[in-house]
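One structure below.
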Amino acid sequence: METKDTLNLPQTDFPMKASLTKREPEMLEWWAKEKIYEERPSKGKEKFIFHDGPPYANGHIHMGHALNKILKDFIVKFMSMKGYDAEFIPGWDCHGLPIEHQVGKKLKEKKMSLKKSEIRKQCRTYAQEFVDIQREEFKRLGIFADWDNPYLTMDYSYEATIVREFGKFVEKGMVYKGLKPVHWCTSCRTALAEAEVEHADHTSPSVYVKFAVKSGVPDSLGDLGKAYMVIWTTTPWTLPANLAISLHPEFQYVAVAVGDEVFVVAEDRLSSLILEWDIKDYKILGGCKGKDWENAACQHPFIDRESKVILGEHVTLEQGTGCVHTAPGHGQDDYIVGLKYGLEPYNPVDDGGIFIAEVEHFAGMFVRKANPEIIEKMKQDGSLIHHEDIKHSYPHCWRCHQPVIFRATNQWFISMEKEGLRKNALAGIERTKWIPDWGKGRIYSMIENRPDWCVSRQRAWGVPITLCTCTECGEFVNTKEVFERVAEGVEKRGADFWFETPVEELIAKGTKCEKCGNEKFKKENDILDVWFDSGVSHAAVLENRPNPSWPADLYLEGSDQHRGWFHSSLLESIGTRGKEPYKAVLTHGYVVDGKGKKMSKSAGNVIAPQKIIDQHGAEILRLWVASENYREDIRVSNEILKRLTESYRKIRNTIRYLIGNLYDFDPNKDRVLLESLPEIDRYILSRFNVLREKILSAFENYEFHTFYHSFTNFCVVELSAFYLDILKDRVYTYPAKSQGRRAGQTTLYILLMGMVRLIAPILSFTAEEIWRYLPKGSAEEKSVHYSSFPASEDVEFDEELTRNWELLVQLKGEVSKASEASRRDKVIGHSLDSIIKMVLPDSIKKIVSQYAEELKFIFIVSQVELVDSFGDDEKIYVSESLPGVKIFTERHPGQKCERCWHYFVVESNANDSLNCQRCQDHLLDVGE
RNA sequence: GAAUAUGUAGCUCAGUUGGUUAGAGCACUAGUCUUAUGAGCUAGGGGUCACGGGUUCGAGUCCCGUCAUAUUCACCA
């Protein structure tokens with residue numbers, strides 16, 4: 001028999017190689033077949049309400065989606081293991097312009113002839129396709145969720161909820177129709193929400209234009225002769241809508257003579273304007289405050305209209321002349337200042353961005369095409385002082401990337417002030433827990449400063465604004481019955497119900513307009529902002545399910561959702577219920593590349609989750625999410641993934657080793673009582689208790705990277721390099737059933753059972769795989785995800801013992817360092833080749849001598865001698881970290897035991913065995 | 001342009017109320033073992049703590065400024 005065969009070497013079928021790409025799909029199939037999520041034992045217990053934010057049903061999932069859903073899955077799984085019923089209902093956002101845009105592209109010219117209902121039908125099909133695609137992609141990540149019953153914002157029932165929720169706003173009088181300037185895309189022919197606008201570089205003409213002063217020159221200036229107010233603008237096409245010139249009441253304005261003309265501009269702007277206009281000779285005639293000019297009248301440069309001089313605080317001195325061209329129909333500030341002076345939000349531009357017929361000179365012209373024409377006209381008329389092109393960033397449509405315009409149109413708004421929506425929303429923010437806490441400040445200032453919510457869109461793919469307005473005066477019918485009738489119809493037939501049902505069937509005969517008494521009404525054609533759709537998800541999902549639980553315990557999305565879903569959900573919920581829909585909001589950062597740059601197609605640095613899954617497996621993606629501090633931007637690169645796969649292997653291999661040494665261990669028969677375990681076993685278990693504590697509190701605080709670092713460190717430092725290395729002697733060489741070996745196995749068993757459960761929320765696939773290789777009789781649960789977290793082991797390891805072992809660990813390190821010199825000098829190879837002699841200071845010696853018999857096993861050397869001093873000629877290692885500790889290493893002169901590799905001294909009268917006495921005993925199954 | 005966040009070894013992260021020589025794991029280099037073997041063990045090199053000022057006996061930590069990256073807001077009339 002070979003010596004090797006007399007040892008209890010590890011045995012296991014648990015593969016070292018993970019083959020994740022092959023095994024994960026099998027595991028997914030098993031989870032599905034066994035309905036592991038659906039039939040979870042925590043069902044019906046106390047709920048943890050985790051509400052999924054709906055991704056947009058367009059395109060394949062990207063790293064951001066993967067990050068988000070994996071984080072959610074960590075939480076679902078650990079809450080479930082904690083005993084909560086962590087139901088997770090995934091959702092998708094299905095309406096809206098991006099999908100309509102895609103469908104429009106596919107249809108090309110045909111779309112003009114298609115009916116709206118046909119376009120909606122195609123959009124529905126398109127959205128459903130991507131819901132199905134993304135669902136499969138999410139499942140592949142190992143996400144536990146109710147995939148068969150997701151919520152879609154285009155579900156008829158969901159659409160009906162949208163109608164009902166909007167009805168609540170209407171009922172409370174918070175909805176109004178207003179003529180206000182909004183972002184408008186002339187190519188998509190719709191109003192855009194703030195969130196649908198993105199900024200990009202754009203070249204615009206920068207022009208200075210003269211407005212002749214007709215009357216109202218302040219007395220203090222005397223007779224100015226041919227005086228002009230000079231304005232600056234980068235959008236000449238808004239000049240036809242000019243109704244006023246705004247001056248800041250407190251700024252100083254000067255009248256400057258240039259040639260035979262007099263220009264009025266802000267004093268502080270004068271010097272830079274002179275330079276820009278290249279004017280050599282000028283003379284300041286006098287000055288006064290802006291407020292002195294109030295109600296003066298100017299002449300529009302090319303339209304027969306008066307332009308009033310008004311005062312506004314929005315005027316700045318950073319650019320321009322301090323005299324601000326004001327077109328209330330084309331700008332937010334203009335609109336507000338215009339309201340004060342009773343100016344109408346005049347908008348002579350139609351949906352396509354074309355000047356309407358009444359516009360002199362430029363009727364029928366597209367606004368940006370009109371820019372050069374207007375400039376040319378002013379040049380000829382002599383009203384243009386200066387013109388150059390400037391590059392600046394300008395709002396663009398997020399879909400078609402065309403520059404948008406600001407344009408006053410009739411839109412539906414939800415008032416931020418009526419019913420105290422803004423105030424109550426801010427109070428709701430205060431009541432919510434924001435993680436990290438700066439998220440609170442972010443959303444707070446957004447809600448504080450935002451304008452009224454423009455909820456109407458002039459598109460086809462969405463839920464209609466179900467209001468009927470009087471054909472005479474525009475007042476809308478505000479009755480609950482109408483809304484409910486519509487909601488019921490939508491519930492059955494979807495939003496098409498609204499578009500297909502004649503108004504007469506919706507409104508009871510004889511209904512009169514409350515305002516003017518008219519009996520004729522028309523239906524609104526606009527649809528609702530998609531942010532309203534997803535904003536009602538708390539109602540549609542949390543309230544309208546069989547077991548309603550409202551509000552949510554947690555929302556978890558990327559930091560951009562402070563302006564998106566967190567925002568719209570808050571307003572919707574506060575508006576209708578007076579209370580916020582979530583107790584806590586957790587945010588994560590963005591996925592960026594290895595250099596910290598954002599991923600974009602144009603930069604070519606996009607890494608698709610699918611590619612990582614194909615190459616490394618979803619488990620590596622999960623480990624990646626766990627390894628990084630997601631509260632900041634998180635990086636992904638090939639190097640990072642390479643490190644992670646190595647780290648994964650280490651974890652897997654460590655656990656494999658535990659399994660391998662338990663091949664003959666029956667937990668029900670062979671377990672050794674905790675109090676009978678050797679001190680080192682109890683030490684490692686006490687270390688495991690510390691790890692367990694750390695990990696569970698990290699989970700509690702959603703700090704998964706703490707899990708990753710402490711867990712890998714435990715595997716590498718505490719187990720692989722320390723405990724397992726030392727334990728080999730005992731589990732390999734002792735008699736299989738000896739108390740010493742069983743004690744070691746008991747420890748390994750406890751570690752294995754604990755570790756597999758601690759990793760389960762993160763390394764879900766691997767934990768489940770391990771679960772099948774546990775010693776027989778270990779667990780009743782068929783899935784690791786049905787188990788609960790390990791309890792703390794009661795090993796009674798007090799502070800003194802802990803200090804002792806920390807010292808021994810440190811000393812072991814010093815012994816290794818000391819041996820390194822001998823190894824370099826080829827005196828020893830393996831550490832067991834050596835005898836260690838050490839001089840210790842009394843304080844250390846007192847402790848270490850208690851472990852005299854165990855030292856050689858702890859240090860993994862053949863002999864340890866504690867001596868008082870060394871001879872002079874010996875090469876002594878002097879410790880730096882443990883003052884007074886000196887170590888001398890030499891080669892053991894005896895014979896190496898073939899079996900346990902410890903060296904032994906051959907007695908003269910001994911037999912000629914190649915084994916030491918200890919092994920001879922062990923072979924006879926004696927002792928220990 | 002503004003607000004917020006971040007910036008510690010090649011990578012991922014620690015660094016407590018300011019207090020010795022800034023840590024860990026991985027990676028790298030070298031050695032060792034062949035009893036976890038596409039494994040295990042050991043040692044080593046590697047950091048101007050983004051940069052520049054300031055407060056202090058003392059700053060990775062506190063203050064100010066600059067730069068970089070990301071997100072959001074606004075780019076105006």
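In what follows, every heavy atom counts, from backbone to side chain, and hydrogens, waters and symmetry copies are set aside. Just so it is clear: chains get the letters A, B, ... in the order the sequence lines come, proteins before strands, and each one is counted from 1. What you see is a predicted model, and the numbers here were worked out from it, not measured in a lab.
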* To do: Output all residues satisfying side-chain contact (heavy atoms from CB on, under 4.5 Å) with Val827(A), sequence neighbours left out; order by chain, then residue number.
  => Ser822(A), Asp825(A), Arg891(A)
* Consider the side chain of Arg656(A), meaning its heavy atoms from C-beta on, and name the nucleotide among rU42(B), rU37(B), rU35(B) that approaches it most closely. => rU37(B)
* **Residues which pass salt bridge (charged side-chain N to carboxylate O under 4.0 Å, His left out) with Arg23(A), listed by chain and number, not counting sequence neighbours** => Glu769(A)
* Asked: Is any side-chain nitrogen or oxygen of Tyr732(A) closer than 4.0 Å to OP1 or OP2 of rA36(B)?
  -> yes
* Those residues that, when tested against Ser307(A), pass side chain to side chain donor-acceptor pair (under 3.5 Å) (two or more places apart) -> Asn242(A)
* To do: Classify the nucleic acid contact of Arg899(A) as base, sugar-phosphate or nothing, counting any heavy atom under 4.0 Å across all strands shown.
  => base
* Identify, with sequence neighbours excluded, every residue that meets side chain to side chain donor-acceptor pair (under 3.5 Å) alongside His567(A). => Arg450(A)
* By side-chain contact (heavy atoms from CB on, under 4.5 Å), which residues pair with Ser602(A), not counting sequence neighbours? -> Ser600(A)
* Near RNA chain B, under 4.0 Å by heavy atom, which residues of residues 704-715 of chain A? -> His705(A), His709(A), Asn713(A)
* Contact class for Lys440(A) (heavy atom, under 4.0 Å): base, sugar-phosphate, or nothing? -> nothing
* **Pairwise salt bridge (charged side-chain N to carboxylate O under 4.0 Å, His left out) hits with a residue in residues 701-724 of chain A, at least two apart** => Arg687(A)-Glu718(A)
* Base partner of rG60(B), which must satisfy Watson-Crick or wobble distances under 3.5 Å -> none
* Asked: In Watson-Crick or G-U wobble terms, both distances under 3.5 Å, what is the partner of rG7(B)?
  -> rC67(B)
* Taking any strand in view, what nucleotide pairs with rA22(B) in a Watson-Crick or G-U wobble way, both distances under 3.5 Å? -> none
* With a non-hydrogen cut-off below 4.0 angstrom, is Thr235(A) in contact with a base, only sugar-phosphate, or nothing? -> sugar-phosphate
For nucleotides 1-9 of chain B, give me every protein contact, N/O to N/O, under 3.5 Å, one pair per line with atom names.
from, atom 1, to, atom 2, distance (Å)
rU4(B), O2, Arg442(A), NH2, 3.0

* To do: Output the single nucleotide from rU35(B), rC26(B), rA14(B) whose closest atom is nearest the side chain of Asn629(A).
  => rA14(B)
* Structure fact -> Out of rC76(B), rC13(B), rC41(B), minimum distance to the side chain of Thr316(A) belongs to rC76(B)
* Asked: Got a sec, which pairs hit salt bridge (charged side-chain N to carboxylate O under 4.0 Å, His left out) with one end in residues 626-641 of chain A, sequence neighbours left out?
  -> Glu639(A)-Arg643(A)
* Any side-chain N or O of Arg563(A) less than 4.0 Å from the OP1 or OP2 oxygen of rC73(B)? -> yes
* Consider the side chain of Arg643(A), meaning its heavy atoms from C-beta on, and name the nucleotide among rC26(B), rU12(B), rG40(B) that approaches it most closely. => rC26(B)
* Structure fact -> Scanning all shown strands, the Watson-Crick or wobble mate of rA2(B) with both distances under 3.5 Å is rU72(B)
* Structure fact -> Across every strand shown, the nucleotide meeting Watson-Crick or G-U wobble geometry with rA30(B) (both distances under 3.5 Å) is rU42(B)
